[in-house]
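Data block below; observations after.
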2 protein chains.
Amino acid sequence: MATARGYHHGDLKAALIRGALAAVETGGPDAVSLRDLAQSLGVSTAAPYRHFPDRRALLAEVAAIGFNDLTAAYARAQAEAADPVAAMRETARAYLTLAFGRPGLFKLMFASDIVDGEAPASLLGPAQAAWEGLFRAVAAAEPGAEPAAIKRRAITGWSTLHGFITLVQGGRLKGFMTEPLTEADLLEAILDKTLREA
Amino acid sequence: MATARGYHHGDLKAALIRGALAAVETGGPDAVSLRDLAQSLGVSTAAPYRHFPDRRALLAEVAAIGFNDLTAAYARAQAEAADPVAAMRETARAYLTLAFGRPGLFKLMFASDIVDGEAPASLLGPAQAAWEGLFRAVAAAEPGAEPAAIKRRAITGWSTLHGFITLVQGGRLKGFMTEPLTEADLLEAILDKTLREA
DNA sequence: CCAGAATGTTGACACAGCTAACATGGGCGC
DNA sequence: GCGCCCATGTTAGCTGTGTCAACATTCTGG
């Protein structure tokens, strides 16, 4: 699909994003090398720069895909749930599914380097949409609460989930998860605690 | 302090660690370049390799300093607090102080790259000690609870704090902290929520 | 006092991101 | 239908990085 064509590749930009996404999912953000990518697409090492100002811009595009997928997963979870509380739980689970199912992509999405200085709008939009999906779930589960309270609640819950994921994926809980305390148990406990409360 | 001596530097290893620490605190882990470091110490680019097998080993040493400092801060907080609940609160605050006061170092301490594969014992020891300081605070505030419950509680609280810090420092809460909801407010709310409960 | 271990140096390799200058060819205006 | 322009690729090369092998120097213990 990436071979046997002349001077022009045809759709190099999309191919680069696809390739970068694959590399990110396999080995995380650091596994993306523009040179490797170019070579594997049968194109010169300078070609990618016709489509992205620099490496970070390409990675930002990949991260945006991650946020879009996350938003879609949120929407699915909320549509299928029986009631608002279940919807909130499934929304949280969607976050966990992405984090543990596609850790490389997840790491990229929250790699501060990508966003340092200022992030491009093509990333901020999807990131904002994902956040709103999460906010919506919390708001629905807590009818009548004032916006500030909902926001506080959403951010706190998000923090707990995100922190746990980060610590686990960073290997920081390695020595501490002694039987009979497994990561899965803890996750359930965290979900329960995060979701239950006035 | 790093000039005007002959073939042998004197204490290059310590000087490298000091220099790396300074660089990390200024610009985060990525700001550490062995070549820069060597040059600024008036030594050849290969010299660091007489003391560290690779760059990661040097950074691991710096991270270990961070964990040691954290453990010391925990101990201080717990010694000065009036009661166990206050001690726990001050312990959490010590974590926040390090995270927001020395963000570069904090980022290094939790950069999974440093620990990928397997971390050296010189890092695992201090990291473990810090964890135990945190665990001790939770256990003291909750006398008579079984160890698994304490552990669950400690990890959950740690996750919330850590997640919030990570999201803030990653710039992920930029657009969402609208007045009158400030980061400081949220932090207090998180501390309250994390600490209060049976 | 001297041998060998520690510690530094020189010079180089591989690889990465990035850029300038040049080449090609597809599509748009005429 | 034709030619020109610009989007897209290419070549060659710069800088900066981690790392290593081979050699040089100094410190130290027997």
Side-chain angles (χ1 to χ4, degrees), chain A residues 1-20 22-24 26-63 104 108 111 113-117 120, chain B residues 1-20 22-24 26-63 104 108 111 113-117 120:
Chain A
M1 190 194 244
T3 49
R5 63 178 55 70
Y7 201 87
H8 286 89
H9 176 280
D11 199 3
L12 183 55
K13 181 167 188 175
L16 283 168
I17 293 177
R18 269 199 310 274
V24 164
T26 303
D30 295 344
V32 174
S33 148
L34 290 197
R35 297 179 95 103
D36 279 2
L37 227 47
Q39 186 170 13
S40 81
L41 292 173
V43 110
S44 79
T45 63
Y49 291 90
R50 290 291 153 199
H51 300 279
F52 303 96
D54 55 24
R55 190 186 115 104
R56 275 179 46 186
L58 169 56
L59 289 182
E61 214 83 4
V62 175
L108 170 65
D113 321 53
I114 294 310
V115 102
D116 271 355
Chain B
M1 191 193 252
T3 47
R5 64 179 56 69
Y7 202 85
H8 286 91
H9 175 281
D11 199 3
L12 183 55
K13 181 167 188 175
L16 283 168
I17 294 176
R18 269 199 310 273
V24 163
T26 303
D30 296 346
V32 174
S33 149
L34 291 197
R35 298 179 93 102
D36 280 0
L37 228 44
Q39 185 169 16
S40 80
L41 292 173
V43 111
S44 79
T45 63
Y49 290 89
R50 293 289 152 200
H51 300 278
F52 302 96
D54 54 25
R55 189 186 116 103
R56 276 180 46 188
L58 170 57
L59 289 183
E61 215 81 3
V62 174
L108 170 66
D113 321 52
I114 295 310
V115 101
D116 271 355

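Chain identifiers are assigned alphabetically (A, B, ...) following the order of the sequence lines, protein sequences preceding nucleic acid strands; residue numbering begins at 1 within each chain. Because only heavy atoms are used, hydrogens play no part in the values below, and waters and symmetry mates are left out as well, while side chains stay in.
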Could you run down the sub-3.5 Å N/O contacts of the protein with nucleotides 11-14 of chain D?
none

Report the residues that fulfil salt bridge (Lys or Arg N to Asp or Glu O under 4.0 Å) with A:Asp113, sequence neighbours left out, ordered by chain and then residue number.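 Here the qualifying residues are B:Lys107.
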Using the side-chain contact (heavy atoms from CB on, under 4.5 Å) criterion, which residues pair with [X]? Sequence neighbours excluded.
| X | value |
| --- | --- |
| A:Ala22 | none |
| A:Ala31 | none |
| A:Thr45 | A:Arg35 |
| B:Arg50 | none |

Sub-3.5 Å pairs of nitrogen or oxygen atoms, protein against nucleotides 4-6 of chain D:
none

Heavy-atom closest pair (A:Ile114 atom, A:Arg56 atom, distance to 0.1 Å) is O-NH2, 3.5 Å
Examine C:dA6: is either OP1 or OP2 under 4.0 Å from a nitrogen or oxygen in the side chain of B:His51? Give yes or no.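 For C:dA6, OP1/OP2 do not have a side-chain N/O of B:His51 under 4.0 Å.
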Nearest to side-chain heavy atoms of A:Asp36, which nucleotide of C:dA16, C:dT9, D:dT19: C:dA16
From the list C:dC18, C:dT9, C:dC22, which nucleotide is the closest neighbour of the side chain of B:Val43?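 The closest nucleotide is C:dT9.
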Select base, sugar-phosphate, or nothing to describe what A:Arg55 touches, counting heavy atoms under 4.0 Å on all strands. sugar-phosphate
